[in-house]
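What follows is one structure encoded as structure tokens, with my remarks underneath.
Quick note: numbers below take in every heavy atom, side chains included, and nothing from hydrogens, waters or symmetry partners.
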Amino acid sequence: MFVIPAIDILGGKCVRLWQGDFEQPTTYSDDPAAMTMDFERAGAQRVHVVDLDAARSSGDNRAVIEALIGASSMTVQVAGGIRSSEQIDAWLAVGATAVVMGTAAVREPELLADCAHKHAGQVLAALDIRNGRPAVAGWLETETIDIHDLIARWDALPLAGLILTATDRDGTMAGPDLETLARVRSLSRLPIQYSGGISSLDDLRAAREADATAVILGRSLYEGKVLLEDALAL
């Protein structure tokens, strides 16, 4: 199982939100690129970077993320506000290894299919779950489509995988949502990256036992609940 540290960027700073609430950010660094280098020195092979401003259409942190990509030898997957084929082309052109489509993956199935076929193995679909439904638009809205139907649609595509986030656990360190992870695992053939609630090495082991391909870590790293070196050694 891969362990992937997360860098969420809001206003150029590295932050974490509580359950995706933009009104409750905690700032951990003014220099996301330096944070990336810390993760690289600890042995991480990939980093998950989210542009929170782009996710809610309130601006973007493109220059910051481009600098981060250029400064690191790790592979970088970029998320947040990616809703067009042109955006994917642009991120891959500056060195991103993969891009994550969230709102567009849920609301625009034809666009997702076109992007997945154009960039086979480089597009991830984000399944952000709130109250049993897909959350979109920076988790500010939810859709009515059934998760079973959504995953069936995605499974037919040459995606790099899906990222499952339990939004009610995100940033809380309250433990992973193993029930939802097991449900999604039973529905999908795709590699699954899990995110939300991880606070210990035991949580990581539990996610691994539930057959997560990777786990994305955020607040637990920043607050020292989990040491990245220890997580990578599991």
Side-chain angles (χ1 to χ4, degrees), residues 4 6-11 15-25 48-62 64-65 76-92 96-119 122-171 177 180 184 187-188 190-196 216 218:
I4 305 173
I7 294 181
D8 293 359
I9 302 175
L10 183 68
V15 308
R16 293 300 292 173
L17 306 181
W18 176 271
Q19 298 181 333
D21 186 352
F22 283 88
E23 300 304 314
Q24 298 189 65
H48 176 73
V49 181
V50 184
D51 187 336
L52 292 173
D53 291 292
R56 64 173 180 174
S57 302
S58 62
D60 69 70
N61 295 280
R62 184 174 183 85
V64 175
I65 297 173
V76 179
Q77 58 189 46
V78 179
I82 298 174
R83 296 168 188 150
S84 72
S85 179
E86 291 76 16
Q87 286 175 294
I88 294 175
D89 293 342
W91 280 121
L92 295 177
T97 302
V99 295
V100 184
M101 301 185 79
T103 300
V106 176
R107 289 180 168 173
E108 301 183 65
E110 291 184 2
L111 173 61
L112 176 67
D114 288 345
C115 293
H117 285 290
K118 182 178 180 181
H119 300 290
Q122 293 182 290
V123 177
L124 293 139
L127 180 59
D128 303 324
I129 301 294
R130 172 168 285 165
N131 299 322
R133 297 291 182 182
V136 296
W139 299 356
L140 300 175
E141 304 170 23
T142 57
E143 293 290 295
T144 59
I145 185 171
D146 185 80
I147 292 172
H148 183 281
D149 295 335
L150 185 63
I151 292 175
R153 193 165 74 195
W154 290 352
D155 257 29
L157 301 174
L159 293 168
L162 66 84
I163 298 176
L164 169 63
T165 300
T167 66
D168 64 329
R169 308 290 180 97
D170 187 69
D177 185 347
T180 299
V184 173
L187 294 174
S188 180
L190 294 167
I192 296 174
Q193 298 180 15
Y194 174 80
S195 174
I216 296 172

Completion exercise
Tightest non-hydrogen contact, residues L10 and P25, listed as CD2-CB, 4.2 Å

Exercise for the section: Indicate yes or no: at least one non-hydrogen side-chain atom of L190 is less than 4.5 angstrom from one of D155. Expected result: yes

Completion exercise
OG1 (T142) and CD1 (I145) are apart, to the nearest 0.5 Å, by 12.5 Å

Handout entry: Spatial distance of atom NE2 (H117) from atom CG (L157) [nearest 0.5 Å]
Key = 5.0 Å

Handout entry: Atom of Y194, atom of A166 and distance for their closest heavy-atom approach
Key = OH-CB, 3.8 Å

Practice task
Give a yes or no on whether H148 atom NE2 has more than 12 heavy-atom contacts from other residues, nucleotides or ligands under 6.0 Å away.
Solution key: no

Problem - Minimal non-hydrogen separation, P191 against A160, with atom names - result: CG-O, 3.6 Å

Fill in the blank from the handout: D89 meets the salt bridge (charged side-chain N to carboxylate O under 4.0 Å, His left out) criterion, sequence neighbours left out, with K118

Practice task
Report yes if some heavy atom in the side chain of D53 is under 4.5 Å from a heavy atom in the side chain of D60; otherwise report no.
Solution key: no

Fill in the blank from the handout: Scanning both residues in full, the closest heavy-atom pair of I216 with Q193 reads CD1-OE1, 3.5 Å

Could you pull out every donor-acceptor pair under 3.5 Å between side chains of residues 103-112 and any protein atom, sequence neighbours left out?
{"from": "T103", "atom 1": "OG1", "to": "A137", "atom 2": "N", "distance (Å)": "2.8"}
{"from": "R107", "atom 1": "NE", "to": "E143", "atom 2": "OE2", "distance (Å)": "3.0"}
{"from": "R107", "atom 1": "NH2", "to": "E141", "atom 2": "OE1", "distance (Å)": "2.5"}
{"from": "R107", "atom 1": "NH2", "to": "E143", "atom 2": "OE2", "distance (Å)": "3.1"}

Problem - Beyond-backbone contact of S188 with L162, side-chain heavy atoms, under 4.5 angstrom - result: yes

Problem - Partners meeting salt bridge (charged side-chain N to carboxylate O under 4.0 Å, His left out) with D8 (sequence neighbours left out) - result: R16

Handout entry: Approximate separation, where rounding is to 0.5 Å, of L164 CG and D177 CG
Key = 7.5 Å

Problem - Side chain proximity check, L124 to H48, heavy atoms < 4.5 angstrom - result: no

Handout entry: Shortest non-hydrogen separation from Q122 to T97 and the atoms involved
Key = NE2-O, 3.6 Å

Problem - Non-hydrogen side-chain atoms of I163 and V100 separated by less than 4.5 Å - result: yes

Completion exercise
Nearest heavy-atom approach of S195 to D170 is OG-OD1, 4.1 Å

Handout entry: Side-chain donor-acceptor contact under 3.5 Å, R83 with S57
Key = yes

Problem - Side-chain heavy-atom pair W91, I65 within 4.5 angstrom cut-off - result: yes

Problem - Nearest-0.5 Å distance, CG of residue N131 to OG1 of residue T167 - result: 7.0 Å

Problem - Exceeds 12 heavy-atom contacts within 6.0 angstrom, atom CG of D149 - result: yes

Problem - Rounded distance (nearest 0.5 Å) linking atom CD1 of I88 with atom NE2 of H119 - result: 6.0 Å

Completion exercise
When rounded to the nearest 0.5 Å, the distance separating CG of L159 from SG of C115 is 10.0 Å

Problem - Heavy-atom side-chain contact between V78 and D51 under 4.5 Å - result: no

